[in-house]
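Presented below is the structure to which this report refers.
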Amino acid sequence: EKAKGEGGAGIDIEEVRCMNMCKRGPNVRLVQGGELVTIDDKMNETERRRKAFQGVGNEARALGVWELALKLADGSVDGTKHGAVPDDMML
């Protein structure tokens, strides 16, 4: 899914394959311009380290991540970029 801000900056929300996080899933990550992005003050330590939101298993949690993606896209929330998505993290 892609969230777009007024400036057209798209944020992709991608499902993350297991990566030893299956028990904490479903897991999703934010990708902006081909780079992994974390929103450090909205993620716990494990999520920041793994660069993915964990436990996105209900509508409220999914909506929360979606709203963060929209805010990242429109510039009202700052994210930390971590470079391109490694091939071994692709679905």
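We count residues from 1, following the sequence as given.
With sequence neighbours left out, the side-chain contact (heavy atoms from CB on, under 4.5 Å) criterion links R61 to E47, F53, V56, N58. For D78, the side-chain contact (heavy atoms from CB on, under 4.5 Å) criterion is met by no residue, not counting sequence neighbours.
Between the CD atom in E45 and the CZ atom in R48 there is a gap of 6.5 Å [rounded to 0.5 Å]. Here NE2 of H82 is found 5.5 Å from NZ of K51. Values are rounded to the nearest 0.5 Å. Considering CG of L72 and NZ of K42, their distance stands at 13.0 Å, rounded to 0.5 Å.
Although no hydrogens or angles enter the test, the distance criterion places no donor-acceptor pair under 3.5 Å between the side chain of D12 and the main chain of E14.
The two residues P26 and G57 have their closest heavy-atom pair at CD-CA, 3.7 Å. Here the closest non-hydrogen pair linking N27 and Q54 is OD1-CA, 3.1 Å.
Partner of L30 under the side chain to side chain contact (heavy atoms under 4.5 Å, CB included) criterion, out of L36, V65, T38: V65 alone.
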